[in-house]
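Just so it is clear, the structure is predicted and the values come from calculations on it, not from any experiment. Just so it is clear: chains get the letters A, B, ... in the order the sequence lines come, proteins before strands, and each one is counted from 1.
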2 protein chains.
Amino acid sequence: MALRHAVLAALLDGELSGYQLAKAFDLGVANFWYAQPQQLYAELARLEKEGLIAGREVVQETRPNKRLFQVTDAGLEELQAFAAAPTKPSFIRDDLLVKVQAADHVTTAALIAQLSERAAFAQAKVDLFAKLLRTMRGDRTEEEFLRHGSRIGPYLTCQRGLAFEQGNRDWCERTVAALRERQRTRARR
Amino acid sequence: MALRHAVLAALLDGELSGYQLAKAFDLGVANFWYAQPQQLYAELARLEKEGLIAGREVVQETRPNKRLFQVTDAGLEELQAFAAAPTKPSFIRDDLLVKVQAADHVTTAALIAQLSERAAFAQAKVDLFAKLLRTMRGDRTEEEFLRHGSRIGPYLTCQRGLAFEQGNRDWCERTVAALRERQRTRARR
DNA sequence: GCGTTCATGTAATATGTTACATGATTTC
DNA sequence: GAAATCATGTAACATATTACATGAACGC
């Protein structure tokens with residue numbers, strides 16, 4: 001069960017509602033984990049039942065009411081234990097890579113389109129993460145911030161997200177170029 | 001169902017047994033997908049039942065007998081359809097990132113050890129992938145190979161694997177450095 | 001004789017995805 | 001008036017992980 005720890009880690013920076021969490025774990029951000037809203041609502045219910053988080057109702061006038069959750073002492077202990085335990089290796093599972101693996105045996109036109117789309121998506125994330133990093137470190141240099149900042153966890157994970165998306169973008173672009181070059185050079189199949 | 005397509009893509013380069021496939025999809029390689037042996041045996045059975053792959057018994061003297069599988073025409077069509085369909089985005093899900101996200105709230109000693117281990121693991125993969133790439137392109141330059149090589153799919157995915165592991169390694173090392181620096185600078189908590 | 005590699009699976013459990021469901025408010 | 005955002009879930013289905021299970025042969 002790793003989602004629970006991701007949720008606990010996300011709640012460290014302050015109370016959040018299920019809806020807010022869902023946004024943080026969704027496409028736009030998700031710089032250290034990804035999960036869907038349904039998963040999160042279910043996990044929040046479980047975590048609360050086990051006493052690892054505590055929720056409080058917030059009545060709103062203009063919007064539907066919501067519940068904000070925060071990590072309890074028991075939750076922090078759980079996180080601590082998780083951090084100390086051996087880490088499972090993480091692995092690549094990407095449909096796009098599967099398609100490229102088969103590139104010599106399938107038509108490449110659609111593949112090129114999908115790679116271009118992914119490159120654009122990755123670029124958007126690069127921009128977003130770069131902006132987030134600037135916001136977090138404020139007017140300090142990166143070195144300064146990492147040395148003396150009060151909360152560097154999210155900064156470090158965001159750095160990984162940034163590098164990952166840069167890698168994604170670069171690879172997609174180079175792969176498109178390679179496939180296009182072959183389309184051009186080769187006779188019609 | 002994405003595993004089935006990964007299996008089909010892996011079988012494009014020639015017949016493989018479940019055991020050989022399992023090795024390819026395991027820790028050591030897995031440059032475009034990861035799966036455990038149990039999953040693969042189950043998927044191979046399903047794929048054969050559906051006629052997307054064909055297996056043949058190979059009797060061995062010195063070793064237990066095995067079954068080699070190859071992609072059928074129907075299997076190739078399935079792969080073709082998969083490649084043409086829209087690609088689901090892929091997301092980061094990494095326990096180590098969750099732990100780093102929580103770094104300011106947990107003890108960092110164990111975390112540093114795990115990051116170092118991951119860095120070493122990533123370096124080993126970098127070496128492996130670099131070697132695989134050299135083997136694939138032979139004495140040609142990369143550009144030459146990509147332009148005229150007969151099978152570039154595995155080369156391209158391996159390039160992504162290489163870059164990914166380099167990114168992993170670099171990030172782990174920098175993160176270790178940042179966490180160590182804070183341990184040194186800061187008073188004991 | 002003991003551990004590793006080759007070779008293949010089943011069964012139980014955990015986790016994740018997809019589809020369905022509801023209802024208010026705000027912005028175009 | 002329609003679409004997007006806020007807000008929260010349930011139920012059915014698909015997929016993945018973990019534990020269990022077996023057995024031969026090879027190298028030390």
Protein-proximity profile, nucleotides 22-28 of chain D, B/S/- by nucleotide at the 4.0 Å heavy-atom cutoff, equals -B-SS--
Five pairs per end, C1' atoms only: what is the angle between the end axes of the helix from dG1(C)-dC28(D) to dC28(C)-dG1(D), to 10 degrees?
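Angle reported: 40°, given to the nearest ten degrees.
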Residues at least two apart in sequence or cross-chain that pass ring-ring contact (aromatic ring centres under 6.0 Å, His included) with Tyr19(B), listed by chain then number, are none
Exercise for review: Using a cut-off of strictly less than 4.0 Å between a heavy atom of the residue and any atom of DNA chain C, enumerate the qualifying residues of residues 45-57 of chain B by number.
Suggested key: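 The stretch gives none, as no residue of it lies under 4.0 Å from the strand.
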The side chain to side chain donor-acceptor pair (under 3.5 Å) partners of Arg67(B) (sequence neighbours excluded) come to Glu48(B)
Arg4(A) meets the side chain to side chain donor-acceptor pair (under 3.5 Å) criterion, sequence neighbours left out, with Glu43(A), Glu50(A)
For a 4.0 angstrom threshold against heavy atoms of chain B, report the outermost contacting nucleotides of DNA chain C in 5' to 3' order.
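Both ends considered, the range comes out as dT5(C) to dT18(C).
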- prompt: Restricting to pairs with a member in residues 76-97 of chain B, which pass ring pair (Phe, Tyr, Trp, His ring centres under 6.0 Å), not counting sequence neighbours?
  reply: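 Every pair satisfying ring pair (Phe, Tyr, Trp, His ring centres under 6.0 Å) with a residue in residues 76-97 of chain B: Tyr34(A)-Phe91(B), His5(B)-Phe82(B).
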When Tyr34(A) and Gln60(B) are each assigned the nearest nucleotide of DNA chain C, the 5'-most assignment goes to Gln60(B)
Got a sec, which residues hit salt bridge (Lys or Arg N to Asp or Glu O under 4.0 Å) with Asp94(A), two or more places apart in sequence or on another chain?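 With sequence neighbours excluded, Asp94(A) shows a salt bridge (Lys or Arg N to Asp or Glu O under 4.0 Å) to Arg118(A), given in chain and number order.
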_Set of side chain to side chain contact (heavy atoms under 4.5 Å, CB included) partners for Leu16(A), sequence neighbours left out_ =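 For Leu16(A), the residues satisfying side chain to side chain contact (heavy atoms under 4.5 Å, CB included) (neighbours in sequence not counted) are Leu11(A), Gln20(A), Leu21(A).
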Review point. Of Trp33(B) and Lys66(A), whose closest DNA chain D nucleotide lies nearer the 5' terminus?
Key: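 That would be Lys66(A).
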Residues that, via side-chain heavy atoms closer than 4.5 angstrom, fall in one hydrophobic cluster with Val59(A):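 ILVMFWY cluster around Val59(A) holds nothing else.
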Rounded to whole Å, CG of Asp26(A) lies from P of dT5(D) at a distance of 12 Å
Note: contacts of residues 35-43 of chain B with DNA chain D (heavy atom, under 4.0 Å) are Gln36(B), Gln38(B), Gln39(B)
